[in-house]
Amino acid sequence: MKKTMLALFLGLSCSLAFAADQVPAHPYIEIVTTEGTVILELDGRQAPLTVGRFLELVDSGYYDGLIFHRVIPGFMAQAGGYTPGLKPKATDDTIPNESGNGLSNVRGTIAMARSNDPHSAKSEFFINVADNSRLDPRKSMTSGKWGYTVFGFVIQGMEVVDKIVAVQTGPQGKFESDVPVVPIVIKKMSRYTFE
């Protein structure tokens, strides 16, 4: 088992080194929502696989029209997987977990959402509105204590994220709670260039 984990880790390290050469070091992303605009700076050096895949989704228009489907004051705002009406939007590729990259789940950072499987992230992301270091890896990655991959941070519009997590929420569809009563829609997500 230890040899298998070591091989996975070494293979991931080689992939990261290759991917780091292919991904911009610090691309900017604009998220235009029904509550306002947020500007992100991604870290393509610390999380090249995650940033590379995220940019592919942004460039394809994947996120346009999706909603923030889970918002929790004092915790985070999550989006990237559901249309209004809570219909899931499919995507196939998963992203290897890059937690343990030196970036922590602190207020204003963006991280990939996932299931209990540490390598199950696809398209959903969340923005931390508090310091959530409990979402970071708890021990070395080879021990199985994976965290949630941080891959960038908000550089403008954190007040918009705070506004999003302050909206009225309730249960809807398969979600027991935390769904905004009035949908918060991502009108457009695209690369951003400062003028």
Side-chain angles (χ1 to χ4, degrees), residues 23-93 95 103 105-114 121-130 132 135 148-170 172-173 175 177-195:
V23 173
H26 297 282
Y28 299 101
I29 300 295
E30 180 181 51
I31 307 173
V32 180
T33 78
T34 50
E35 296 296 320
T37 299
V38 177
I39 307 293
L40 306 172
E41 180 178 343
L42 307 184
D43 194 328
R45 291 296 168 253
Q46 297 300 103
L49 298 178
T50 305
V51 170
R53 179 65 180 140
F54 192 77
L55 290 174
E56 287 176 5
L57 291 167
V58 168
D59 292 344
S60 73
Y62 177 87
Y63 291 110
D64 300 351
L66 298 185
I67 60 169
F68 280 85
H69 64 276
R70 184 172 177 236
V71 301
I72 304 173
F75 183 34
M76 59 86 209
Q78 184 171 334
Y82 293 88
T83 64
L86 295 173
K87 294 186 171 89
K89 185 169 182 179
T91 183
D92 295 327
D93 297 332
I95 307 166
L103 303 176
N105 282 276
V106 296
R107 176 174 163 79
T109 56
I110 182 172
M112 291 306 291
R114 61 172 175 80
K122 290 186 175 184
S123 62
E124 290 186 40
F125 63 89
F126 60 92
I127 299 173
N128 289 291
V129 297
N132 295 315
L135 301 179
Y148 290 78
T149 302
V150 174
F151 64 102
F153 50 95
V154 175
I155 59 170
Q156 288 181 16
M158 195 60 200
E159 71 281 359
V160 174
V161 181
D162 289 333
K163 185 177 175 184
I164 289 171
V165 296
V167 300
Q168 182 182 357
T169 62
Q172 292 184 41
F175 296 96
S177 61
D178 308 320
V179 179
V181 172
V182 176
I184 299 166
V185 180
I186 296 172
K187 294 179 178 180
K188 180 77 176 165
M189 192 184 295
S190 58
R191 296 199 199 210
Y192 183 79
T193 303
F194 285 95
E195 301 277 331

Task: Rounded distance (nearest 0.5 Å) linking atom CD1 of I31 with atom NZ of K187 - done: 14.0 Å
Task: Result of checking V185, V165, V71 against P180 for side-chain contact (heavy atoms from CB on, under 4.5 Å) - done: V71
Task: From OH (Y28) to CG (L42), nearest 0.5 Å - done: 10.0 Å
TODO: Give a yes or no answer on whether the side chain of R114 reaches the backbone of E124 with a donor-acceptor pair at less than 3.5 Å.
DONE: no
Open item on the list: When you compare the side chain of K122 with that of I95, does any pair of heavy atoms fall below 4.5 Å?
Closed with: no
- [ ] Kindly say whether L135 contributes a backbone atom to a donor-acceptor pair with the side chain of N132 at under 3.5 angstrom?
- [x] no
- [ ] Evaluate the ring planes of Y63 and F54, with Trp represented by its six-membered ring, and classify them as parallel (under 30°), tilted (30 to 60°) or perpendicular (over 60°).
- [x] tilted
- [ ] Indicate yes or no: at least one non-hydrogen side-chain atom of V150 is less than 4.5 angstrom from one of T50.
- [x] no
TODO: For the residue pair Y62 and S123, confirm or rule out a side-chain donor-acceptor distance under 3.5 Å.
DONE: yes
Open item on the list: Let me confirm one number: the CZ-CZ distance from F68 to F125, rounded to the nearest 0.5 Å.
Closed with: 4.5 Å
Open item on the list: Side chains of V179 and T169, heavy atoms from C-beta outward: is any pair under 4.5 Å?
Closed with: no
Open item on the list: Is the shortest side-chain heavy-atom distance between V106 and F153 below 4.5 Å?
Closed with: no
Open item on the list: Could you check whether any side-chain heavy atom of M76 comes within less than 4.5 Å of a side-chain heavy atom of Y148, counting everything from C-beta outward?
Closed with: no
Open item on the list: Counting C-beta onward and ignoring hydrogens, is there a side-chain heavy-atom pair between F151 and L40 closer than 4.5 Å?
Closed with: no
Task: Interatomic spacing from OG1 in T37 to CD in E30 - rounded to 0.5 Å - done: 5.5 Å
Task: Close side-chain approach of M158 to V129, heavy-atom, < 4.5 Å - done: yes
Task: Which atom of A79 lies closest to which atom of I186, heavy atoms considered - done: CB-CD1, 4.0 Å
Task: Expected output: side-chain N105 to main-chain A111 donor-acceptor under 3.5 Å - done: no
Task: Check: D178 side chain, G170 main-chain N or O, donor-acceptor pair, under 3.5 Å - done: no
Task: Any R107 side-chain heavy atom under 4.5 Å of V154 side chain - done: no
